[in-house]
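What you see is a predicted model, and the numbers here were worked out from it, not measured in a lab.
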Amino acid sequence: MLRLTDVHAAYGPILALHGVSLEVPTGSIVTLLGPNGAGKTTTLRVVSGLLHPSSGTVEFEGRRIDRMAAEAIVSLGVSQVPENRQLFAELTVLENLRLGAYIRRDRNGIKQDMEQVFHYFPILHDRQKQVAGTLSGGEQQMLAIGRGLMARPRLLLLDEPSMGLAPLVTREIFEIVKSINQKQKVTILLVEQNASLALAIAEHGYVLETGRIALSDTCANLQRSEAVRRSYLGY
Amino acid sequence: MELLLQQVMTGLATGSVYGLVALAIVLIYRSTDVINFAQGQMAMFTTFFAWMLFDGSFLGRHIHPLHFWIAFTLTLVFASIMGALLERIVIRPVEGRPILTIVIVTLGLFAIFENLATWSWGGIPKAFPPPPEIHVSGITFFGDGALDIGPTVISYHDLTIMVVAVGIMIALYAFFQYTPVGLAMRGTAQNSVAARLMGIRVGNMLTLGWALSALVGAVGGMLIAPLVLLQPPMMLGVLLYAFAAAVLGGMDSPPGAVVGGLTLGIVENLVGTYTTEEYIGVDWFGPELKLTAALLIIVLVLLIRPTGLFGRRALRRV
């Protein structure tokens with residue numbers, strides 16, 4: 001579904017990705033692990049079109065998207081839930097969700113998806129009229145994911161959904177991510193610091209180090225790997 | 001008492017215009033972080049455009065003079081296009097530059113519009129007619145004369161200003177609150193990266209913001225012109241009050257701009273009336289200082305509430 005081939009990307013003169021290649025098969029959850037500054041977020045930004053690669057290609061469903069604008073890529077079915085959530089802090093929960101569906105015109109479909117989001121995250125239903133900036137961290141993350149789903153994506157890019165959240169909340173969110181993947185058949189590319197949780201729900205994992213893919217294997221193998229265990233799982 | 005009510009009514013009318021121009025300033029500030037110092041001169045320029053249409057001369061040619069409301073409507077179209085083009089051609093190239101750069105650019109626009117107007121139409125003040133009479137089920141709106149409202153009267157022109165201003169404010173509120181594009185504009189103002197991820201074309205929203213703001217300013221210009229005479233510097237005073245109104249209400253709050261404008265309009269009129277020796281018993285203060293008095297009030301308000309009356313610091317939990 002998604003394929004990156006030898007992607008280089010830079011912020012001005014600073015090279016952030018030195019030839020990243022990876023693949024996300026349709027229907028799967030793939031996770032991208034690695035230390036801070038390895039280029040995980042940059043990789044997602046390249047996919048969503050916020051950053052154009054300096055060389056290399058990004059293909060989504062067989063189509064080159066590496067020169068397309070972020071605004072256009074959403075319409076193809078790629079939705080990004082960005083790092084730090086990036087909510088519209090002064091808009092209400094409902095308005096945030098409505099903006100998530102901005103590219104769509106099918107009123108009934110939007111309504112259904114809204115119900116679906118409220119089904120996953122009942123707390124958002126109770127807080128519909130509340131301004132997003134006043135939600136708790138966990139609720140904000142739920143809203144960010146819900147907003148991402150409102151575009152009805154086929155590929156969902158999740159950037160560190162566990163950041164700053166209590167372990168229990170993180171676990172709850174990961175379970176919902178799993179069921180979004182299984183029930184709604186949304187393919188997911190998950191960037192995470194919390195490697196053990198990510199490896200538990202994903203099928204395939206990549207480890208990114210200083211802008212290069214250092215490891216690529218099934219999550220089962222990565223969990224057993226000595227190097228991954230020591231560096232990311234901490235035991 | 002009668003005089004007081006009278007002054008309050010007149011204050012509300014001029015205050016509505018300050019509110020409208022303040023609204024125009026706040027609209028741009030909120031959606032693009034740009035403070036547009038040319039707002040008043042843009043409004044003056046579009047008011048000249050309206051005058052041309054119903055005066056029957058267009059770019060040196062004679063045209064059939066248009067009816068006031070047709071000219072009014074065409075001017076709104078002209079103003080929106082002008083605002084949109086300004087954003088695309090002048091503002092976009094300096095987008096994201098330091099704030100001072102952008103301020104200088106809008107000050108440049110200020111001078112350009114002022115000069116263009118003087119060059120095209122000369123500096124001699126022109127009479128700008130108030131909207132003509134309309135009769136609806138026996139009641140006269142607009143035109144000359146005044147409406148008797150019990151203890152006092154209110155001139156039809158003042159009434160027109162208030163009705164049109166309130167109409168514009170309601171329309172804007174509905175647009176931002178209930179339409180997808182209005183919602184997208186609010187979203188863009190808050191977080192443009194997230195807006196792009198939602199598929200919102202941020203550039204278009206900024207263009208639209210300028211168009212809307214030029215339109216609102218144009219309405220303000222056409223409403224105030226009959227009171228101050230049409231001439232290139234006619235909006236200077238209004239602009240000053242409008243900025244003061246925007247700051248008083250809170251730079252990021254459209255309702256604040258309106259309330260700020262109304263407050264200033266009333267204060268200006270009351271200070272202008274009651275500061276003569278007859279009322280306060282001293283002769284060193286007078287109506288000439290009404291602008292000073294109005295600005296003093298703002299300073300006091302801002303000392304107590306630095307965000308203005310309605311402005312808010314973003315409430316955020318991380």
request  = Going by the side chain to side chain contact (heavy atoms under 4.5 Å, CB included) test, name the single residue among A:Arg98, A:Glu71, A:Arg147, A:Met150 that passes it with B:Met198.
outcome  = A:Arg147

message = Please classify the contact between A:Leu87 and chain B as side chain, backbone, both or neither, with a heavy-atom cut-off of under 4.5 Å.
response = backbone

inquiry  = So, using side chain to side chain contact (heavy atoms under 4.5 Å, CB included) as the criterion, who are the partners of A:Thr92 when residues are at least two apart?
reply    = A:Leu94, A:Glu95

request  = Say whether, by atom type as modelled, one donor and one acceptor occur between the side chain of A:Glu90 and the main chain of B:Gln190 under 3.5 angstrom.
outcome  = no

ask   = How long is the gap from CG on B:Leu197 to CD on A:Gln80, to the nearest 0.5 Å?
value = 5.0 Å

Top contributor to chain B contacts, counting heavy-atom pairs under 4.5 Å, from A:Val74, A:Ile73, A:Asn96, A:Val78 = A:Val74

task = Tell me, yes or no, whether the heavy-atom count around A:Arg105 atom CZ, taken from other residues, nucleotides or ligands under 6.0 Å, exceeds 12.
result = yes

inquiry  = Taking atom OH as the centre, does B:Tyr178 end up with more than 12 heavy-atom neighbours from other residues, nucleotides or ligands that are less than 6.0 angstrom away?
reply    = no

note = The interface call for A:Ala70 against chain B, heavy-atom contacts under 4.5 Å, is both

note = Under a 4.5 Å heavy-atom criterion, the part of residues 38-54 of chain A in contact with chain B comprises A:Ser48, A:Gly49, A:Leu50

query = By a 4.5 Å heavy-atom criterion (distance strictly below it), what part of A:Ala144 contacts chain B: side chain, backbone, both, or neither?
reply = neither

query = Is atom CZ of A:Arg3 surrounded by more than 12 heavy atoms (other residues, nucleotides or ligands) closer than 6.0 Å?
reply = no

inquiry  = Counting only heavy atoms not in B:Phe175 (residues, nucleotides, ligands), do more than 12 fall under 6.0 Å from its CZ?
reply    = yes

message = Are there over 12 heavy-atom neighbours, none belonging to B:Ile99, within less than 6.0 Å of that residue's CD1?
response = yes

request  = Please report the closest heavy-atom contact between B:Ile200 and A:Tyr102, naming both atoms and the distance.
outcome  = CG1-CD2, 3.4 Å

